[in-house]
Amino acid sequence: MRTISYTRPSDVPGAIAAVTADPGSAYLAGGTTEIDLLRLDVLRPRHLVDVGRLPLTAIEDLDDGGMRIGAMCRMSDVAESPAVARKFPMLSQALLQGASPQLRHMASMGGNLMQRVRCSYYRDTESACNKRVPGSGCAALDGVNRGHAVLGTSEQCIATHPSDLAVALVALDAMVHVEGETGPRVIPADDFFLLPGDTPEREHPLAPGELITAIGLPAVPMARGSLYLKVRDRASYEFALASVAVALALQDGVIQEVRLALGGVATKPWRARRAEAVLTGQPPGADLFDRAAVEELEPAQPRPMNAFKVQLARRTMVRALHTAAEAGGFA
Ligand SMILES: Cc1cc2nc3c(=O)[nH]c(=O)nc-3n(C[C@H](O)[C@H](O)[C@H](O)COP(=O)(O)OP(=O)(O)OC[C@H]3O[C@@H](n4cnc5c(N)ncnc54)[C@H](O)[C@@H]3O)c2cc1C
């Protein structure tokens with residue numbers, strides 16, 4: 001049996017100091033990822049620093065129309081916030097389609113961004129996994145990889161990024177506010193998630209001890225008509241096989257601006273910039289939507305068991321774009 005010590009600092013500087021001082025320590029928020037992986041021996045912290053009761057729970061409207069959400073807000077509180085649902089429906093829909101009601105009551109926003117991949121080889125300490133043990137290999141490459149990524153993969157790792165919330169944040173150009181020993185800084189959501197490349201063990205650009213304190217949502221007026229579409233093996237309590245966050249602005253019969261991001265198919269929440277370039281300035285329609293989806297998925301590198309995801313993602317993108325365009329008054 002391993003002994004793990006536990007502290008619960010009452011303020012942010014105390015929490016940061018505790019984790020920075022000891023490389024064997026880790027933050028604990030709702031515990032819905034951390035405790036599972038601790039039990040599986042995948043994570044082996046000596047010391048847990050409980051940040052779950054830090055005063056980072058405000059959901060605030062900003063004067064410019066954006067919002068700021070504290071990192072310790074529960075997923076359920078944010079999902080049910082009337083302001084979030086009105087201004088950023090894709091965000092509340094992504095949260096409500098994640099996990100289960102019980103988990104959403106426990107899980108924090110910061111913890112959601114830091115959750116680990118669901119790759120069964122990562123979670124099994126007997127298997128080769130470069131993310132868990134750098135240089136040990138990737139059993140998923142030729143293993144059971146039906147749920148794995150087709151975009152952003154490397155020869156070192158093909159694990160899919162699991163968060164639904166993160167897909168919406170990347171589409172909304174959200175900012176992740178963090179604080180560490182050297183003070184606060186802000187990281188664009190798209191840069192907060194790293195591609196695996198040759199260092200799949202490094203998932204975020206965080207310095208040791210840096211704590212997520214808040215998520216900033218800039219004003220995106222067209223996000224009021226946005227949506228999150230998630231396709232999965234069962235209708236609830238399941239991770240995405242493919243998901244799409246989309247917001248469209250239509251003017252004078254053409255797509256003036258579009259935000260599109262994919263989940264369930266990539267090693268990080270995937271901003272679909274190739275598709276956005278195809279769509280922008282064009283009149284909406286079935287052919288255009290399909291062309292944009294095909295363009296986005298062109299670099300996909302499927303394996304035999306997950307090749308279906310390319311078709312599934314294509315159809316999910318087309319359906320989400322149709323729904324968003326119809327909501328904007330275009331059939
Ligand atoms: C059965 C099951 C189904 C799930 N389904 C989904 C799903 O469909 N979609 C989805 O998006 N998610 C899903 N999840 C994941 C769930 O959303 C995450 O487990 C949860 O959001 C993590 O938040 P937490 O507060 O419990 O984090 P914890 O478990 O406490 O922490 C997770 C990690 O983040 C670190 N951490 C926590 N807070 C901070 C912070 N503020 N700053 C820096 N590091 C921090 C911890 O050290 C730890 O490494 C599922 C989880 C389970 C168990």
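Any value given below was found using the heavy atoms of this structure, including those in side chains, with hydrogens, waters and symmetry copies removed. Read the numbers this way: they start at 1 and go in the same order the structure lists the ligands and their atoms. Everything numeric in this text was worked out from a predicted model, so none of it was measured. All residue numbers in this chain count up from 1 along the given sequence.
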For ligand 1, which atoms sit closer than 4.0 Å to a heavy atom of Gly98? 7 (C), 8 (O), 9 (N)
Number the atoms of ligand 1 from 1 as they appear, then name those within less than 4.0 Å of a heavy atom of Ser108, with their elements. 21 (O), 23 (O), 24 (P), 25 (O)
Is it the case that the side chain of Glu238 and the backbone of Arg232 share a donor-acceptor pair, with hydrogens and angles ignored and the cut-off at 3.5 Å? no
Is it the case that His148 and Thr160 place a side-chain donor and acceptor less than 3.5 Å from each other? no
Salt bridge (Lys or Arg N to Asp or Glu O under 4.0 Å): pairs with one or both residues in residues 41-56, sequence neighbours excluded: Arg2-Asp41, Asp22-Arg46, Asp41-Arg44
min-distance protein heavy atom vs atom 24 (P) of ligand 1 -> Gly30 N, 3.5 Å
Can you report which non-hydrogen protein atom sits closest to atom 27 (O) of ligand 1, along with the distance? Gly111 CA, 3.4 Å
Heavy atom of Lys230 under 4.0 Å from ligand 1? yes
Test your reading of the structure: does Val51 have an N or O sitting under 3.5 Å from an N or O of ligand 1? no
Under a 4.0 angstrom heavy-atom cut-off, which atoms of ligand 1 come close to Met72? 41 (N)
For atom 44 (N) of ligand 1, what's the nearest protein heavy-atom neighbour? Residue, atom name and distance, please. Met114 CG, 3.6 Å
Could you tell me whether Met109 approaches ligand 1 through its side chain, its backbone, both or neither, with non-hydrogen atoms closer than 4.0 Å? neither
For atom 28 (P) of ligand 1, what's the nearest protein heavy atom and its distance? Gly31 N, 3.5 Å
Please could you name the atoms of ligand 1 that Ala29 approaches to less than 4.0 Å, counting only its heavy atoms? 25 (O), 30 (O), 37 (C), 38 (N)
Need the ligand 1 atom indices (1-based, order shown) with element for anything under 4.0 Å from a heavy-atom of Leu211. 40 (C), 41 (N), 42 (N)
Do Asn130 and Gln156 have side-chain N/O donor and acceptor atoms under 3.5 Å apart? yes
Same cluster or not: Leu40 versus Leu38, using hydrophobic residues (I, L, V, M, F, W, Y) connected whenever any side-chain heavy atoms lie under 4.5 Å apart? no
Around atom 47 (O) of ligand 1, find the nearest protein heavy atom and jot down its residue, atom name and distance. Tyr27 O, 2.5 Å
Heavy-atom neighbours of Gln311 CD exceed 12 at 6.0 Å: yes
I want to know if ligand 1 touches Glu34 in the polar sense, i.e. an N/O pair below 3.5 angstrom. yes
To check your reading of the model: name the closest protein heavy atom to atom 26 (O) of ligand 1, its residue, and the distance in Å. Thr32 OG1, 2.7 Å
Looking at atom 14 (N) of ligand 1, what's its closest protein heavy atom, distance included? Phe239 CZ, 3.6 Å
If I take atom CG from residue Asn112 and atom CG from residue Leu165, how far apart are they, to the nearest 0.5 angstrom? 4.5 Å
Do any N/O atoms on Leu103 end up under 3.5 angstrom from N/O atoms on ligand 1? no
Does a sphere of radius 6.0 Å around CG in Asp233 hold more than 12 heavy atoms from other residues, nucleotides or ligands, not counting ones at 6.0 Å or beyond? yes
Has ligand 1 got any nitrogen or oxygen that is less than 3.5 angstrom from a nitrogen or oxygen of Asp36? no
Could you list which atoms of ligand 1 come closer than 4.0 Å to a heavy atom of Glu238? 8 (O)
Any side-chain heavy atom of Ile215 within less than 4.5 Å of one from His177? no
Pairs of nitrogen or oxygen atoms closer than 3.5 Å, one from Ile212 and one from ligand 1: do any exist? yes
Check whether any side-chain N or O of Thr267 sits under 3.5 Å from a backbone N or O of Leu195 as a donor-acceptor pair, and report yes or no. no
Under 4.0 Å between heavy atoms, the region of Ala166 that gets near ligand 1 turns out to be neither
Would you say Asp164 and ligand 1 have an N/O pair spaced under 3.5 Å apart? yes
To which protein heavy atom is atom 17 (O) of ligand 1 closest, and what is the distance rounded to 0.1 Å? Asn112 ND2, 3.3 Å
Among Gln115, Arg118, Arg116, Arg104, the residue with a heavy atom nearest to atom 51 (C) of ligand 1 is Arg118
ILVMFWY network linking Trp270 to Leu229, side-chain heavy atoms under 4.5 angstrom: yes
Would you say CZ of Arg185 has more than 12 non-hydrogen atoms from neighbouring residues, nucleotides or ligands within 6.0 angstrom? yes
Assert yes or no for the condition that the ring centre distance of His322 to Phe289 is strictly below 6.0 Å. yes
Partners meeting ring pair (Phe, Tyr, Trp, His ring centres under 6.0 Å) with Tyr121 (sequence neighbours left out): none
